[in-house]
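Below: one structure, written as structure tokens.
The sequence lines fix the lettering, A, B, ..., with proteins before strands; numbering per chain opens at 1. Just so you know, these numbers use all the heavy atoms, side chains as well, and skip hydrogens, waters and symmetry mates. It should be emphasised that the depicted structure is a prediction, and the values quoted were computed from it without experimental measurement.
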Amino acid sequence: MSQQLSEQELVRRQSLTKLRDLGINPYPQALYPVTTRSSEVKKNFEEGKKVMIAGRLMSRRNQGKASFAELQDSEGRIQVYFNRDEICISDDKMMYNDVYKKLLDIGDFIGVEGELFKTQVGQISVRVKNFSLLSKSLKPLPLPKTDAEGNVHDAFTDPEMRYRQRYADLVVNPHVKEVFVKRAKLMHAMRSFFIDRGYYEVETPILQPIPGGAAARPFVTHHNSLDVPMYLRIACELYLKKTLIGGFEGVFEFAKTFRNEGMDRTHNPEFSMMEIYVAYKDYNWMMEFAENLLEHCAIAVNGTTKAEFGGHNINFKAPYKKVTMRQAIIDFTGLDIKNKTEAELTSWCTANGIEVNSTMGKGKLIDEIFGEKCESNYIDPTFIIDYPKEMSPLCKEHRDDPSLTERFELMICGKELANAYTELNDPIDQKERFEEQLKLAAKGDDEAGEFIDYDFLRALEYGMPPTSGMGVGIDRLIMFLTGNESIQEVVLFPQMKPEAKAQKTVELKDNEKAIFDILSKTGSMELNTLKEQAGLSNKGWDKGMKSLSKHGLTSVIKGDDGSLTVMVVE
RNA sequence: GAUUCGGUAGCUCAGCUGGUAGAGCAUCUCCCUUUUAAGGAGAGGGUCCAGGGUUCGAACCCCUGCCGAGUCACCA
């Protein structure tokens, strides 16, 4: 990690040494007895109240023997007022003149002890009596500023840098931090909603011998001592159902899930799902549960059921519309899929510009039609219900129509947010459906399951109570609630390509070495002769010469006749 | 994978038909006891993503590569 330090980084390292020379530990061990936070100070202002606060120094305005600075803590910023003669009561003004003004830098964590007051302009501030350095910052932060009209100057906006250095992003972009505060609130709201209803939060394996419960390409890893392949989970469905078989009546899990597929602005290789299973319920109950849950979450996060996403206004207020998949397709295409054969659907797709291939079964074809022609039209939360049986291998058959299942997906802004079933609990039917999936997979449908989890079938044979289950995409939900169209904006540390390694610059490059080797034999040489002997490309020559003189290894001397001589610098 | 745009100082960005790089903030020095995006004055700071080509001369034009963003395709 040898890396060229910028001038500013060097200055900060020097300050670090000077602080130590003054007997100040830049990274002290002792706790700092913080009494309050910036938001509290502003909310309950009391003239003269003594406080101790801590945070990062984020700006400084010197006014001679006085100075204003801003301290940023987890709640926001508060102005602090440093007056030389209040900090340094004796004649020794070192703490103000040297430590505060010269050796502290923007980004340093400091603790401040003082009392509250309002400046002549009416700004709530802390008059500093004592301050301590709590942690020195050696790398300058990006420094956006907001002016009186709310315009942001020098904004730190480059997405790559923001995602790679999320820590800096969080420090300087309060709106980014707010997204993650909201994400935490969403998790709390959802969790307490479930706990209030008597459901238990459980944990199931992330490392699985069979990646079941969904159709997706898994990440493969290897267990050394067992010497078997293991998979990162693509869902937790089967494990959660096993807990109901074991006697739990309501369980949920916030599950990091992994899918080895494309990465783009709506897909991160690992993402968060919430899955919940409740015994003795069906999908009708679950729909009502879902709309109440989402309304509750929206209010907990934003204080309102309204949200804006991609230019659309969404309202999470329950209840939501319900449309059967058959009706949805009729509405947007005029096609009635009921009793259509695979061949009929295939030819309809071809005629209507939907790409199909021979691996597609009936369910997949219907899914394609829906995805292509209908999905994007549902802006406000809408339940699409009653999916074809073929594409829902874990879902119970519809009570009125054996070709359908009791399944819903909740669509918002044309995207799936939740997926739920009246769960299939007939072990014999389940086994047949798995086998059907296996055939589809063999046919080439890469969305069909490739494995049969026989342990799950064994569990089902003991009997699972009638159950309804639902999965909710947490990332997607928080995207809707915060108006972010990119998943990277709502995941703290999104997966990125590895950062290119910084190349070492200390060693001479080939072109530089070539020039220097020739030159060092004689010590000096006419420029054009040297250029010819070096035999480099023009650019290689030019760059080589420039960096050699930059390294202070060579210099060029101009003769009276205009000739140029290159010399080795001793 | 296809296509468009981009990569210049610590940060945000200029840089014309090619003539060897600029601004604001930040940094450094000096002055200033209640300011508000920015107190005043001055100074320093750059492998212009990398490599090759064209040219007397390339940040700029051409080629290749790397990295990123957007759109589309594929995909939950």
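- Scanning atom types as modelled, one donor and one acceptor separated by under 3.5 angstrom connect the side chain of A:Glu7 and the base of B:G44.
- When the nucleotides B:C28, B:A69, B:U12 are ranked by their closest atom to the side chain of A:Phe156, B:U12 comes out on top.
- Rounded to whole Å, the separation between the C1' atoms of B:C74 and B:U64 comes to 28 Å.
- In a base pair of the Watson-Crick type (N1 to N3 plus N6-O4 or O6-N4) or a G-U wobble (N1-O2 and O6-N3), with each distance short of 3.5 Å, B:C48 is matched with no nucleotide.
- With A:Phe45 as the aromatic partner, A:Lys118 meets the cation-pi criteria of under 6.0 angstrom to the ring centre and within 45 degrees of the ring axis.
- Across all strands shown, B:C28 pairs with B:G42; the Watson-Crick or G-U wobble distances both stay below 3.5 Å.
- Ranking B:U35, B:U12, B:U34 by closeness to the A:Tyr81 side chain, first place goes to B:U34.
- Remark: the A:Asp386 side chain and the A:Tyr283 side chain contain an N/O donor-acceptor pair separated by less than 3.5 Å.
- Judged by a 6.0 Å distance limit and a 45° cone about the ring axis, A:Arg407 is not positioned over the six-membered ring of A:Tyr421.
- Spacing of P atoms, B:U54 relative to B:A14, comes out at 31 Å, to the nearest Å.
- Annotation: of the two residues near RNA chain B, A:Gly414 and A:Leu143, the 5′-most nearest-nucleotide partner is A:Leu143.
- Counting only heavy atoms from C-beta on, A:Gln8 has its side chain closest to B:G10 among B:C30, B:G10, B:U35.
- As rounded to the nearest Å, B:C28 and B:C60 have P atoms that lie 34 Å from one another.
- Taking the side chain of A:Asp158 as heavy atoms from C-beta on, and the options B:U29, B:C67, B:U12, the nearest nucleotide is B:U12.
- Between the side chains of A:Gln488 and A:Ser486, at least one donor N or O lies within less than 3.5 Å of an accepting N or O.
- Cation-pi check for A:Arg127 over A:Phe82 is not met; the charged atom does not lie both under 6.0 angstrom from the ring centroid and within 45 degrees of its normal.
- A:Arg127 has no side-chain polar atom (N or O) that falls below the 4.0 Å cut-off from OP1 or OP2 of B:U34.
- Within the nucleic acid shown, A:Asn62 comes within 4.0 Å of at least one base atom, counting heavy atoms only.
- A:Phe117 comes within 4.0 angstrom of a base, heavy atoms only.
- Within the 4.0 angstrom heavy-atom criterion, only backbone atoms of the sugar-phosphate kind lie near A:Glu261; the bases stay farther away.
- Checking B:G39, B:U33, B:C30 against the side-chain heavy atoms of A:Arg61 singles out B:G39 as nearest.
- Across all strands, A:Glu70 comes closer than 4.0 Å to no nucleic acid atom at all (heavy-atom distances).
- Across all strands, A:Arg84 comes closer than 4.0 Å to no nucleic acid atom at all (heavy-atom distances).
- The pairing partner recorded for B:C72 is B:G1, the criterion being a Watson-Crick or G-U wobble arrangement whose two distances lie under 3.5 angstrom.
- Between A:Arg265 and B:G70, a side-chain N or O to OP1/OP2 separation shorter than 4.0 Å is absent.
- Closest to the A:Asp264 side chain, of the nucleotides B:C74, B:U29, B:C67, is B:C74.
- Proximity note for A:Lys102 (side chain, C-beta onward) versus B:C30, B:U27, B:U35: the nearest is B:C30.
- Taking atom C1' on both B:C63 and B:G19, the two are 24 Å apart, rounded to the nearest angstrom.
- Residue A:Gln14 is out of contact with every strand shown, counting any heavy-atom pair closer than 4.0 Å.
- Neither OP1 nor OP2 of B:A37 sits under 4.0 Å from any side-chain N or O of A:Lys145.
- Nearest to the side-chain atoms of A:Arg164 among the listed nucleotides B:U27, B:A69, B:C67 stands B:C67.
- Nucleotide B:G6 is matched to B:C67 when pairs are restricted to Watson-Crick or G-U wobble geometry with both distances under 3.5 angstrom.
- Distances shown here put a side-chain N or O of A:Gln63 below 4.0 Å from the OP1 or OP2 atom of B:U34.
- Summarising the base pairing, B:U17 is matched to no nucleotide, lacking a Watson-Crick or G-U wobble pair whose two defining distances lie under 3.5 Å.
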Run the ring-ring contact (aromatic ring centres under 6.0 Å, His included) check on A:Phe117 and A:Tyr81 step by step: do they pass?
CA-CA 9 Å; A:Phe117 79 110; A:Tyr81 172 72; 5.6 Å; yes
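- B:A58 is unpaired under the criterion used here, namely a Watson-Crick or G-U wobble arrangement in which both key atom distances are under 3.5 Å.
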